[in-house]
Amino acid sequence: MLKDLTRISSLKDNIDKTVTIGGWVYHSRPSGKLIFIVVRDGSGLCQCVIEKGKISDDLFEQLKKLGTESSLTITGTVKKDDRSVGGYELVVTDAKVICESVDYPITPKSHGIDFLLKNRHLHLRSQRQWCIGKVRHTLVNAIRQFFNDNGFTLIDTPIFTGIAGEEAGSLFNVDYFGMPACLTQTGQLHLECAALSFGRVYCFGPTFRAEKSKTRRHLTEFWMVEPEVAFVDLPGILEIAENFVSFIVKEVLEKNEPELKTLGADIESLKKITPPFYRLTYTQASEILKSQKTQDFLAAQLNEFKAQKEQIEKKISELENEAKGQIKQWRQDKIAAELIDLRSDLAEIETKIENNPKHAKLASEFEWGKDLGGSDETIISLMHDKPVFVTHYPREAKAFYMKQDPENPKVVQNFDMLAPAGFGEVIGGSIREDSYDKLLAKINEQGYKVENYQWYLDLRKYGSVPHGGFGLGVERTLAWLTGEKHIRQCIAFPRMMDKILI
RNA sequence: UCCCCGAUAGCUCAAUUGGUAGAGCGGGCGGCUGUUAACCGCCAGGUCGUAGGUUCGAGCCCUACUCGGGGAGCCA
């Protein structure tokens, strides 16, 4: 049976032919002697038109009452029709219900995020999650393709590890047969070993951080790709990063434009993502933050928010007045629904208005030496239409393995890549400290146990070379590309702080 | 860990300022041959998160707790 099924995505090659598709009821609109059932089969959506008389009355009655997400096979003639979702529809001649679905909990109307997460096993079938999954698939392939095509060798780094790459406070500890171990936070340290064997390597896998972060940009388990390159300097690694990011954006644009449109992604701004990206040093970035330009920028933004707020409030009061008048019940209901949407928009804009002066204050009081805060990153990122590399952060604020800048010992040769339009950090990377003595001193300075890092130090003892790399978070990149507000929607089964739902 | 907001029908939300709980969607029944989150009529559906308190009277006020959302710090 399965081999005889046609996938919805290939209906365009079967116009006027009779085919059978297998799928689930996405939407059903019975209308007397005519039923429209939109079927999804994982490859797309297809509207099936069922006319009474063309099939048996019993089947007609069964299809008429079929609930959302019932599974079936359905046979009919493929017609091109612009009125139909996807552009093609099936004029049905036969159907077979496989499993009737009754009281499917997710309805076409809006739902709260808590409800949807608790129903994640079903929510994955929704159009939005499906689109994100398709884009993620392209993204992951593009990531692999870029490195594979540019002389990188894939190295699978371990998930159980003994030493930390980042802050020890964010480690998940596990009991490894009675011995202490932890889940990997980065494959970088292991990858450096491999880079000195293969020259150019990358790893791609899940990463775990026990940060107590409850924000739209954090997960405790996320996927990260990390390239590591021998014989490279900071300008060199930046060039790789911008070519890499430009490539994956181009691939997604080429292969997933319909999905991006459905998701409401800003396709025009993604088309601008081509090398070169902007480059700022941390010191330049901090000067921008403290400048009048930034204050003006934020003030302009505040005015815009206030104008938006006024517009929303005006609309709300208009609708409220209309609702007081003598109008039909259905109009009352429509107004109520619009009011709910508008009030939620209003709350969002009010939060922005409230945060704006705080962000302005934080920016104006920015002190050299601190790490860039979330709002600082957002400001820098909003002021640019392409990704921005921020380089040369203060040494104290950064990880022990980053190479001290020979020209300014207070900073390291690192970089963050901020995605444009306020999205913020997507990549973090650096040139690694390749001097044995400097690395040893830094390990001691941090209070780490040298014996744990002996193998890592060995890399600086036997044929050390300048090398570096970066890590790109898959979910954050996906959120940026798709315009999704929260990265928990960018992985099928998100793991969030204190919460594993299924 | 800190700050703010919330919890009312299966779901999303109302309840005119403390006076007997409403609507849409979803479900059930009926109608409709071109629907697009279809539409029209009828029906069922509630111990207002939990525990106290104030009051003649609490969904609404107060206290504590639980759960959730947003933001901060930190990060990819």
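A note on names: the letters A, B, ... follow the listed sequences, proteins ahead of strands, and every chain is numbered from 1. Predicted model, so just to flag it, every value in this text is computed and none were measured.
- Comparing G49(B) with G59(B), their P atoms sit 10 Å apart, to the nearest whole Å.
- For Asp416(A) and Tyr393(A), the side-chain atoms include at least one donor-acceptor pair closer than 3.5 Å.
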Atom pairs under 3.5 Å, N or O on each side, protein against nucleotides 26-33 of chain B: can you list them with distances?
from	atom 1	to	atom 2	distance (Å)
C32(B)	N3	Gly32(A)	N	3.2
C32(B)	N4	Gly32(A)	N	3.1
U33(B)	OP2	Lys33(A)	N	3.1

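- Phe389(A) and Phe277(A) have tilted rings, their planes meeting at an angle from 30° to 60° on a 0 to 90° scale.
- Atom P of C2(B) sits at a distance of 25 Å from the matching atom of A76(B), rounded to the whole Å.
- In this structure, Phe36(A) reaches the bases: a heavy-atom distance under 4.0 Å links it to at least one base atom across the strands shown.
- U35(B) atom P lies 10 Å from atom CD of Gln47(A), rounded to whole Å.
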- Query: Nucleotide by nucleotide, 5' to 3', does protein get under 4.0 Å of the base (B), only the sugar-phosphate (S), or neither (-) in nucleotides 68-73 of chain B, counting heavy atoms?
  - Reply: SBSB-B

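- When the salt bridge (Lys or Arg N to Asp or Glu O under 4.0 Å) test is applied to Glu89(A), no partner is found at least two apart in sequence or on another chain.
- Here A7(B) sits opposite U66(B) as a Watson-Crick or G-U wobble pair (both hydrogen-bonding atom distances under 3.5 Å).
- Using a 4.0 Å heavy-atom distance criterion, Ile35(A) is classed as making no nucleic acid contact.
- Using a cutoff of 4.0 Å between basic side-chain nitrogens and carboxylate oxygens, Glu69(A) and Arg125(A) are scored as salt-bridged.
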Side-chain atoms of residues 366-379 of chain A: list all donor-acceptor pairs with protein atoms under 3.5 Å, sequence neighbours left out, distances to 0.1 Å.
from	atom 1	to	atom 2	distance (Å)
Trp368(A)	NE1	Thr283(A)	OG1	3.0
Asp376(A)	OD2	Gly373(A)	N	2.9
Thr378(A)	OG1	Gly374(A)	O	2.8

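- At the heavy-atom level, Glu475(A) lies nowhere under 4.0 Å from the strands shown.
- The separation of A44(B) from A9(B), taken at their C1' atoms, amounts to 11 Å, rounded to a whole angstrom.
- One finds a salt bridge joining Arg128(A) and Glu484(A) here, because a Lys/Arg side-chain nitrogen approaches an Asp/Glu carboxylate oxygen to under 4.0 Å.
- Straight-line distance between the C1' atoms of G22(B) and U35(B): roughly 30 Å, to the nearest whole Å.
- Within the 4.0 angstrom heavy-atom criterion, only backbone atoms of the sugar-phosphate kind lie near Asp371(A); the bases stay farther away.
- Between Phe115(A) and Val49(A), the residue anchored nearer the 5' end of RNA chain B, judged by the nucleotide with its closest heavy atom, is Phe115(A).
- With sequence neighbours excluded, no residue forms a salt bridge (Lys or Arg N to Asp or Glu O under 4.0 Å) with Lys12(A).
- Considering only residues two or more places apart in sequence or on other chains, Arg136(A) meets the salt bridge (Lys or Arg N to Asp or Glu O under 4.0 Å) condition with Glu475(A).
- Comparing U12(B), A76(B), G34(B) by their closest approach to the side chain of Phe222(A) singles out A76(B).
- Residue whose closest nucleotide on RNA chain B sits further toward the 5' end, between Glu89(A) and Leu372(A): Glu89(A).
- A gap of 24 Å separates the C1' atoms of C40(B) and C13(B), to the nearest Å.
- Aromatic pair Phe244(A)/Phe147(A): ring centres closer than 6.0 Å.
- Taking the side chain of Ile487(A) as heavy atoms from C-beta on, and the options C11(B), C75(B), A76(B), the nearest nucleotide is A76(B).
- Nearest nucleotide to the Glu377(A) side chain, out of C75(B), A76(B), G34(B): C75(B).
- In this structure, a donor-acceptor pair under 3.5 Å is present between the side chains of Tyr401(A) and Gln188(A).
- Rounded to whole Å, the separation between the C1' atoms of G46(B) and A72(B) comes to 38 Å.
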